[in-house]
Amino acid sequence: MLDIKLIREKPDFIRENLARRRKPEYLEMLDELIEEDKKWREMKLEIDKLRQKRNQLTGKIRELKQQGREEELKKIIAEAKEIPDKIKELEDEIQKIEEHRRDLLLHLPNLLHESVPYGEGEEGNLVVKTWGETRKFDFQPKSHVDLMEKLNLIDTQRAAKISGARFYFMKNELVELEYALIQHAIRILKDRGFDLIVTPPLVKEYIMIGGGFLPTYREDVYKIEDEDLFLAGTSEAPLVGMHADEILYQDDFPLRYAGFSTCYRTEAGAHGKDTKGIFRTHHFEKVEQISITGPEQSWDEHEYLFETAEIFWQSLEIPYRKVNICTGDIGIVAAKKYDLEGWYPSQQTYRELVSTSNCTDYQARRLKIRYREKDGMPTKICHTLNSTLIAIQRGITCIVENYQREDGSIEIPKVLHKYLDFKEITP
RNA sequence: GCCGAGGUAGCAAAGUCUGGCCUAACGCGCCGGCCUUGAGAGCCGGUUCCCCUUUCGGGGAGCGAGAGUUCAAAUCUCUCCCUCGGCGCCA
């Protein structure tokens, strides 16, 4: 959510930033918002004046009552009786305006950092770094789907029978590989100063709104029927929501959390895309990084989170590239976003493994996560950041492809050997 | 799920029965100022949010959330949420 005060003071600054997203509807929303806010303030003043008068009369009534001046008392009470209805009427009206204003604010995206490349769609994203050498195969590399099916590591057919498309059974060595990856991920994050946290997978609506998942991405999340609960698509939701309505201390910054949870996504907008295997599914386990900090440190922290992801993927020796996501592809919450894309030999291309976002104060303002330098000093809005470390199922697809052998067996990355009693997966 | 006790500002804590100088006391912590060579003590002001005002300042809201009664609600009524204790059930 944008700062309404900044919108009042520097509407042109906001307008220019929103324009970079190449969506004219945002500019229309901004104009509407400014108009509504003006109305709101005028009405607020009117209501406050009425309340002031009511409070003054209430004071007089108290005095007159103590003095026992019945005549005057009756007159003033009669006068006072008229005010509540007027207030009520105006309150009903201002509430509508307020809701509309809030709705516009909830839909307007975050301000973009100046270093975000101007562009549209994936084509506009900017590769800023490439790491590792893509392996040269002297045979035709198989896809992760083929590899896993042949090795009896997944069963998507029967999963479809019980749950539908985009569900899966994970089997045998793959199960152990998952736990090895989780352990490895957690160990790295612990060493990098993160508190380890397993989160509730269900969260309330206001937390989903606060995180920016609602209302804009409503179709991407599962809702529990008859309950005020949604299945979180990422532990970012509960972890950022954890400090909602709190006032933190600057001395504690940065707060760093390593979240582990199952993530649930409808994948509503992805019909026909990546339908096979466990690359894109309705549920997956994810180890996530979250930071809460102040505006002075959040850009350094953004690099720190990405660096942490790099350390992890380098330890697995997966070739990847770092991509700066462009203005047209970044989504409403992040002010800047890097993706880490891993190499898929069967597709001869890089695919997203990690997304690292600085959400600046966008989520924190919605969730009222504030901080002080010290007790007694004024409160400020925090900055929140998030980054994947590894989404297990997606990550496994990349590992499997890069570590395949000609006979269809799979080597286990060296760094995981200490967690497993096998070094390869064979038929 | 049942019974009981609670939820008041950064922390702590009174007020609730009996509605009205509650402008939410007293305290701790912290910030600013005065004083001091410096620190401490002491004194003064401040320490949630919103609106008006260039400034000075003025006003409004807020006592877990929401609704209601009333000229007036932290205080009375209703619904809901959460915490703690006891009982029950349970992986």
Side-chain angles (χ1 to χ4, degrees), chain A residues 1-10 33-102 104-106 198-210 224 226-230 238 241-253 255 262 292 294 361 364-382:
Chain A
M1 192 159 68
L2 300 181
D3 182 0
I4 187 73
K5 286 178 185 165
L6 188 65
I7 293 174
R8 283 172 198 152
E9 285 163 19
K10 297 179 177 175
L33 176 63
I34 290 169
E35 197 57 34
E36 287 293 277
D37 181 55
K38 204 180 145 208
K39 270 195 243 167
W40 180 85
R41 282 187 291 164
E42 284 165 4
M43 195 162 283
K44 158 95 169 142
L45 194 62
E46 201 179 339
I47 290 175
D48 281 354
K49 279 184 178 158
L50 271 175
R51 285 188 175 136
Q52 180 181 13
K53 189 166 182 208
R54 184 198 59 191
N55 291 344
Q56 285 167 350
L57 288 178
T58 297
K60 262 188 212 164
I61 289 169
R62 191 190 58 235
E63 279 175 38
L64 291 175
K65 207 170 184 181
Q66 278 170 350
Q67 294 163 4
R69 290 153 76 173
E70 295 294 333
E71 293 287 306
E72 289 154 273
L73 196 62
K74 272 183 196 164
K75 252 172 72 182
I76 294 214
I77 287 180
E79 193 184 341
K81 268 186 203 280
E82 288 173 18
I83 297 180
D85 285 345
K86 283 187 200 163
I87 292 178
K88 184 92 170 81
E89 204 176 305
L90 289 172
E91 271 178 344
D92 289 345
E93 210 172 320
I94 202 172
Q95 200 186 333
K96 279 182 207 149
I97 295 172
E98 211 169 326
E99 276 165 18
H100 189 207
R101 187 182 72 166
R102 179 171 167 76
L104 288 164
L105 269 171
L106 287 178
V198 173
T199 62
L202 300 164
V203 300
K204 295 180 182 180
E205 184 179 31
Y206 90 96
I207 296 295
M208 292 294 281
I209 291 171
I224 305 294
D226 298 329
E227 305 240 21
D228 175 30
L229 287 171
F230 293 80
M242 192 159 72
H243 290 296
D245 299 311
E246 291 185 19
I247 299 176
L248 308 169
Y249 291 97
Q250 190 173 43
D251 288 349
D252 297 329
F253 287 162
L255 298 176
T262 303
I292 301 178
D361 58 8
R365 182 169 293 107
R366 289 171 173 233
L367 288 164
K368 297 196 188 75
I369 309 174
R370 294 167 293 169
Y371 75 98
R372 300 180 204 273
E373 279 174 46
K374 279 181 180 169
D375 278 337
M377 294 187 72
T379 60
K380 297 180 189 169
I381 308 283
C382 294

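A, B, ... follow the sequence lines: proteins, then strands. Residue 1 opens every chain.
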Mind checking who B/A61 pairs with, Watson-Crick or G-U wobble, both distances under 3.5 Å?
B/U48

May I ask which nucleotide in the shown strands pairs with B/A5, Watson-Crick or G-U wobble, both distances under 3.5 Å?
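Here B/A5 is engaged in a pair, and the nucleotide opposite it is B/U83.
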
Note: A/Glu46-A/Lys49 ion pair, threshold 4.0 Å (strictly below)
no

May I ask you to say whether A/Arg69 pairs ionically with A/Glu72, meaning some side-chain N is under 4.0 Å from a carboxylate O?
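A/Glu72 and A/Arg69: salt-bridged.
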
Determine the Euclidean distance between corresponding [atom1] atoms of [M] and [N]; express it in Å to zero decimal places.
N     : M     : atom1 : result
B/G6  : B/A13 : P     : 14 Å
B/C84 : B/G33 : P     : 43 Å
B/U69 : B/G88 : P     : 44 Å
B/U23 : B/U48 : C1'   : 16 Å
B/A25 : B/A9  : P     : 12 Å
B/G85 : B/A74 : C1'   : 25 Å
B/U83 : B/A72 : P     : 35 Å

Are any of A/Arg372's side-chain N or O atoms less than 4.0 Å away from OP1 or OP2 of B/G10?
yes

Whether A/Asn55 contacts B/U23 is assessed here as follows: a side-chain N or O lying under 4.0 Å from the phosphate OP1 or OP2. Is that the case?
no

Every protein N/O within reach of nucleotides 65-72 of chain B N/O, cut-off under 3.5 Å:
from: B/C71; atom 1: OP1; to: A/Lys81; atom 2: NZ; distance (Å): 2.0

Rounded to whole angstrom units, what separation is found between the NZ atom of A/Lys380 and the C1' atom of B/U48?
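Result: 17 Å.
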
Starting from P on B/G58, measure out to CD on A/Gln52 and report it in whole angstrom.
12 Å

Heavy-atom pair with the smallest gap, counting every atom of A/Arg365 and A/Asp3
NH1-N, 3.4 Å

Looking only at heavy atoms, what is the nearest atom pair of A/Leu105 and A/Arg366, with distance?
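For A/Leu105 and A/Arg366, the tightest heavy-atom pair comes out as O-NH2, 4.3 Å.
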
Under 4.0 Å protein heavy-atom contacts per nucleotide of nucleotides 49-55 of chain B, with B for base, S for backbone only and - for none:
SBSS---

For the OH atom of A/Tyr206 and the CG atom of A/Asp245, what is their distance to the nearest 0.5 Å?
5.0 Å

Aromatic ring proximity A/Phe253/A/Tyr371, centre distance under 6.0 Å:
yes

